[in-house]
Amino acid sequence: MKQIYLDNQSNTKIDEKVLKAMMPYLTENYGNPQSIYSLGSISKDALEEARSGVAALIGANSQEIIFTSCATESNNLAIKGIAHAYADKGKHIIVSAIEHFSILNSVKRLEKEGFSVTYLPADAKGVVAEEELQKALRPDTILVSIQHANPEVGTIQNIQKLAALTKKGSEAVFHTDAVCTCGAIAVNVEDLGVDTLTLSASVMYGPKGAAALYLKKGVKIAPQIDGGVQENSKRAGTENIPAIAGFGEACKIAKAELLANAERMKFLRDKLIFELPKSIEHIYLNGVPQGKNRLPGNVNFSIEFVEGEALFLLLDAKGIMAASGSACANKNLKISHVLSAMNVDVAVGQGSILFTLSKYTTEQEIDYVLETFPGIVRRLREMSPLYAHFLKTGQRMKAGPGTDYEHDHCNITEESEE
Amino acid sequence: MPFYSEKVMDHFANPRNVGEIKDADGVGEVGNPVCGDMMTFYIKVKDNVLDDVKFKTFGCGAAIAVSSMVAEMAKGKTLDEALAITNADVANELGGLPPNKMHCSNLGADALHKAVENYKSKMGISKNI
């Protein structure tokens, strides 16, 4: 059976060139980079070469890159490390409500330690407004964290403006989780004006086990792992050289291919965004309409009268791997916190389906989704009591708490031409 | 190990007894206040036996598989036998459900019981016979 992988926001396929760059460090070059004999220096060289590769992708200096094991660790280090380092200046932190759980649960822990946190709302399209940040900034704000783009709905925030606003109104450190954008669109830390930034290898065709935190020169951070002198004493532990070497290579490849990949992916993304509503009624795009403020590979629809887990299970049976933000698809049985923060109606959000494309996605694969998906929706609607009720009465039934059909959905058929 | 058992996947991908019974003798509808799932069961009764059972379900893979299994289990049973079907019976028949999906099995048996109660009250049969 065909295998069409459209869950690239959760992980990407490794680039063969990346694997090749990693192999020597999984085999003959096993030295510890902290050792000064020859085998150690080979690893040390690989570490530093990777560091400059990562730095070059985001316009940073090599000395400003701290390697970590994953984006969750980078975000934990940024949030807790900055809060702890600047606690004497204030105890107020601002984050958006649609951050990744590694940010949200880090600030939750800080709340228990006595920090106070303001959660910025997102609008119906997933945009965090500058006015909201302006209102939240206080003299004792020490940290603001707003993600560069949301993995689920694909909305890209105007970080440049949000960071500038933060700098104008406070002395707070500005962190951005740029996992979704690094390797997908051009990211430059100077242009963005951020102090710290998280990026990860595993969603840019690199291996799992390597990520980084950009820490602007002069910004203080309290290490979250105590141990030796690795990573300039900011992140202890023997370096994962094979993964880091792969990460460096992935960054080099991304820098060279990024624009061409993004153009191709946008074309395929928009094909799905434009074509699906032609064959499926009552379908709403989540996030901003297609264009430059949407991640090149992100397609997220809510499909009324059906449930997302059932959708992706039937897609999987046809060889298509996708994701959903529905309550049933979440282990905690709650609609995704992102759709919830965007006030997406619960019944409609139940039908969310997320396709995330990669540089390997082909037009043939997208055509196969376009052929296959409407039939799956039809099949589930045929057994849906909500749909039967709607066909009979023209009315929508309430389904679960938070039903609100008046919600401002992004109707793609009206906003299709940009 | 796959998330769902083979039996769950079979009932989900090939659900039995989907549909409505236009002149149903009893209808039971339940909604899940947690996740928003919704099930409607329709029954046709002949000589105190469930002659036909059909359902419509809005929900996840487990909710659809549970509905299909409940309908299959209930068909041919007496009213009292149908009322005796428990959530645990349904989950067992499906070869188990993931822990966070057990609530879906509650929904299925509840909807069936509601349809039987609906029939009984229409016929003026006391709940306590």
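Numbered from 1 within each chain, the chains take letters A, B, ... in sequence-line order.
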Does the pair Phe3(B) and Leu313(A) meet the rule for a side-chain contact (heavy atoms from CB on, under 4.5 Å), with working shown? CA-CA 11 Å; Phe3(B) 185 65; Leu313(A) 285 171; over 6 Å; no
Evaluate the criterion side-chain contact (heavy atoms from CB on, under 4.5 Å) for residue pair Leu380(A) and Phe58(B); output intermediate values, then yes/no. CA-CA 8 Å; Leu380(A) 288 171; Phe58(B) 164 77; over 6 Å; no
side-chain contact (heavy atoms from CB on, under 4.5 Å) evaluation trace for Gln350(A) with Asp37(B): CA-CA 9 Å; Gln350(A) 273 291 72; Asp37(B) 282 1; 3.6 Å; yes
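Considering all non-hydrogen atoms of both residues, Gly59(B) and Ala310(A) come closest at O-CB, 3.5 Å. A pairwise comparison of heavy atoms in Glu20(B) and Ala388(A) identifies OE2-CB, 3.6 Å as the closest pair. Between Pro15(B) and Met383(A), the shortest heavy-atom contact is CG-CE, 3.5 Å.
Annotation for Lys318(A): atom NZ does not count as buried by contact number, only 12 or fewer foreign heavy atoms lying within 6.0 Å. Counting non-hydrogen atoms of other residues, nucleotides and ligands closer than 6.0 Å to CD of Glu111(A) gives a total above 12.
Ala62(B) touches chain A through its backbone: at least one of N, CA, C or O sits under 4.5 Å from a heavy atom, while the side chain does not.
Rounding to the nearest 0.5 angstrom, the gap separating the CZ atom in Phe12(B) from the CG atom in Leu314(A) is 3.5 Å. Note that the CD atom of Glu307(A) and the CE atom of Met38(B) stand 13.0 Å from one another [nearest 0.5 Å].
With contacts defined as side-chain heavy-atom distances shorter than 4.5 Å, the pair Val18(B)/Glu382(A) does not qualify. Between Glu309(A) and Lys101(B), some side-chain heavy-atom pair lies under the 4.5 Å cut-off.
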